[in-house]
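Atoms within each ligand, like the ligands themselves, are counted from 1 in listed order.
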Amino acid sequence: MKIISVVGARPNFMKVAPLHRAIEKAKQNGAASKNLEHYICHTGQHYDEKMSKIFFEDLELPRPDFYLGVGSGTHAEQTGKIMIEFEKILLKEKPDYVLVVGDVNSTIACTLTAAKLHIKTIHVEAGLRSNDRKMPEEINRVLTDSISDLLFITEKSGLENLKREGVPDEKIHFVGNVMIDSVAYYLKKAESSKILDELGITAGNYVLVTLHRPSNVDNPEQIKKIMEMLYRLSERRKIVFPIHPRTRKNLMKFGLLDFLSQSVILTDPLGYIDFLNLTKNAELILTDSGGIQEESTYLGVQCITLRDTTERPVTVEVGTNQLLGNNLKLAEKAANEVLDGNKKEGKIPELWDGHAAERIVNVLLSLEKETK
Ligand code: UD1
């Protein structure tokens with residue numbers, strides 16, 4: 001059985017790393033046959049060293065077997081280029097399965113390419129829905145799920161969403177969260193990171209910020225309001241803000257970068273290990289990321305999400321996440337409350353135990369028997 005797993009953008013790498021490790025382990029201990037071949041294809045959607053290469057090093061991922069080098073572009077350009085290049089690989093390699101993770105443009109592009117060639121597709125982190133079709137990721141999620149053959153879900157909301165959309169039960173497997181597998185696995189390594197010293201901050205005493213959603217950073221008024229909020233919060237705590245390339249471009253375009261650099265510790269995008277250390281030790285996180293809502297919930301760290309919707313409701317229902325939307329007044333009030341010591345209690349969601357990849361591989365091994 002031959003599987004090609006796809007990575008493209010930063011949040012994909014830490015999802016494929018535990019799968020790669022679990023497949024290798026199954027081959028070594030004889031659970032999987034030597035004929036199980038696993039290859040990694042990197043589309044090149046993210047290509048900066050700090051958005052891609054550093055993750056391969058931190059996560060001990062092998063060099064990708066295939067690199068498509070597509071780079072940036074409009075949605076149609078990026079999706080189209082990935083499809084054209086990926087089709088060539090599929091025609092040559094003829095895999096039995098294509099495995100995709102998450103909700104980025106590489107996810108839908110590769111799923112669609114494979115489905116049209118009648119190659120079976122596996123979606124890991126399926127079923128999440130923000131119900132906001134203005135988010136490009138939501139379109140990617142809905143379309144990917146509708147044409148995938150196997151759907152692995154991270155939380156129960158995924159089950160309800162997929163059932164509502166008419167997906168048959170036998171395609172769906174509730175296995176937990178591979179992103180959390182990586183947090184659990186690399187936490188020890190992250191503890192040896194020197195990033196706090198390098199930035200001159202102490203554990204439990206700073207606010208960590210990440211922003212890159214078009215709804216927050218492409219709109220000059222919204223991004224300005226967020227920066228003003230950060231300025232006010234910086235009077236209470238040190239603020240660390242690793243800046244995504246898209247956000248940096250916009251901060252420069254709107255003339256906000258100099259203003260911000262006077263009050264906030266700005267860094268380039270960080271590697272996985274340093275960022276995990278920063279997440280674990282933060283007093284509060286302000287973010288619009290999907291994955292950080294989950295990582296903070298697992299680590300019991302206070303998180304305020306600057307979005308109106310979340311596709312990961314379990315982080316709000318069970319975890320430490322508060323969804324306060326684009327209403328920045330509410331978000332700022334909540335941030336100040338956390339800094340006053342009023343913390344939201346949270347629990348770790350069901351099956352977020354570091355073993356999701358093993359459960360997925362067990363399902364794949366049952367497929368291997370079928371393909372024999
Ligand atoms: C993508 C994903 C988003 C994910 C995010 C994580 C889609 C639709 N979006 O958003 O879901 O949360 O990755 O980071 O797939 N750029 C660089 N260097 C890079 C990559 C991008 O400078 O290595 C710049 C380019 O100017 C590019 C812009 O960032 O146009 C946006 O990149 P793109 O891949 O289109 O989307 P992201 O905003 O990164």
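Salt bridge status for D268 with R248: present, with a side-chain N to carboxylate O gap under 4.0 Å. Between R236 and D340 there is a salt bridge, with a side-chain nitrogen of the basic residue lying less than 4.0 Å from a carboxylate oxygen of the acidic one. The existence of a salt bridge linking D58 and K189 is excluded, since no basic side-chain nitrogen approaches an acidic carboxylate oxygen closer than 4.0 Å. Salt bridge status for R141 with E138: present, with a side-chain N to carboxylate O gap under 4.0 Å.
Counting atoms of ligand 1 from 1 in the listed order, those under 4.0 Å from a heavy atom of H212 are 4 (C), 5 (C), 6 (C), 12 (O). Below 4.0 Å from some heavy atom of M51 lie the following atoms of ligand 1, by number and element: 14 (O), 23 (O). Numbered from 1 in the order shown, with element, the atoms of ligand 1 that lie under 4.0 Å from a heavy atom of H75 read 8 (C). Within the listing of ligand 1, atoms 34 (O), 35 (O) sit less than 4.0 angstrom from a heavy atom of Q78. Using a 4.0 Å cut-off to heavy atoms of E137, the atoms of ligand 1 that qualify are 2 (C), 3 (C), 9 (N), 11 (O). Ligand-side atoms of ligand 1 in range of N105: 7 (C), 8 (C), 15 (O), range being under 4.0 angstrom from any heavy atom. Against a heavy-atom cut-off of under 4.0 Å, K249 is close to the following atoms of ligand 1: 25 (C), 26 (O).
Taking each heavy atom of S106 and T43 in turn, the nearest pair found is OG-OG1, 2.8 Å.
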Worked check of side chain to side chain donor-acceptor pair (under 3.5 Å) between N321 and T305
CA-CA 7 Å; N321 187 22; T305 298; 2.7 Å; yes

Could you go step by step and tell me if T297 and T315 meet the side chain to side chain donor-acceptor pair (under 3.5 Å) rule?
CA-CA 6 Å; T297 275; T315 61; 4.8 Å; no

Pair R213-N216, side chain to side chain donor-acceptor pair (under 3.5 Å): steps then yes or no
CA-CA 5 Å; R213 295 264 157 231; N216 277 327; over 6 Å; no

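Among protein heavy atoms, the minimum distance from atom 16 (N) of ligand 1 is reached at Y47 OH, 3.6 Å. For atom 24 (C) of ligand 1, the closest non-hydrogen atom on the protein side is P245 CB, 3.9 Å. With respect to atom 18 (N) of ligand 1, the closest heavy atom belonging to the protein is D48 OD2, 3.0 Å. Given atom 2 (C) of ligand 1, the protein heavy atom at minimum distance is V104 CG1, 3.7 Å. Here the heavy atom of the protein found nearest to atom 27 (C) of ligand 1 is S72 OG, 3.3 Å. Of the protein's non-hydrogen atoms, Q45 NE2, 3.2 Å is the one closest to atom 34 (O) of ligand 1. The protein heavy atom nearest to atom 38 (O) of ligand 1 is R246 NH1, 2.9 Å.
A heavy-atom separation below 4.0 Å is not found between K50 and ligand 1.
Inclusion of H244 in the set of residues having an N or O under 3.5 Å from an N or O of ligand 1 is warranted. Below 3.5 Å of separation, one finds no N or O of N140 facing any N or O of ligand 1.
For the atom pair K15 NZ and L99 CG, the distance stands at 12.0 Å (nearest 0.5 Å).
At a heavy-atom distance under 4.0 Å, only side-chain atoms of P11, from C-beta outward, approach ligand 1.
Taking a 6.0 Å sphere around NZ of K333, one finds it holds 12 or fewer heavy atoms contributed by other residues, nucleotides or ligands.
Taking all heavy atoms of H46, R10, E138 into account, the minimum distance to atom 32 (O) of ligand 1 is reached by H46.
When each of E317, Q293, E155, E125 is tested with R312 by the rule side-chain hydrogen bond (donor to acceptor under 3.5 Å, both in side chains), just one qualifies, namely E125. Here the rule is side chain to side chain contact (heavy atoms under 4.5 Å, CB included) with V16, and of V124, V101, V178 only V101 fits it.
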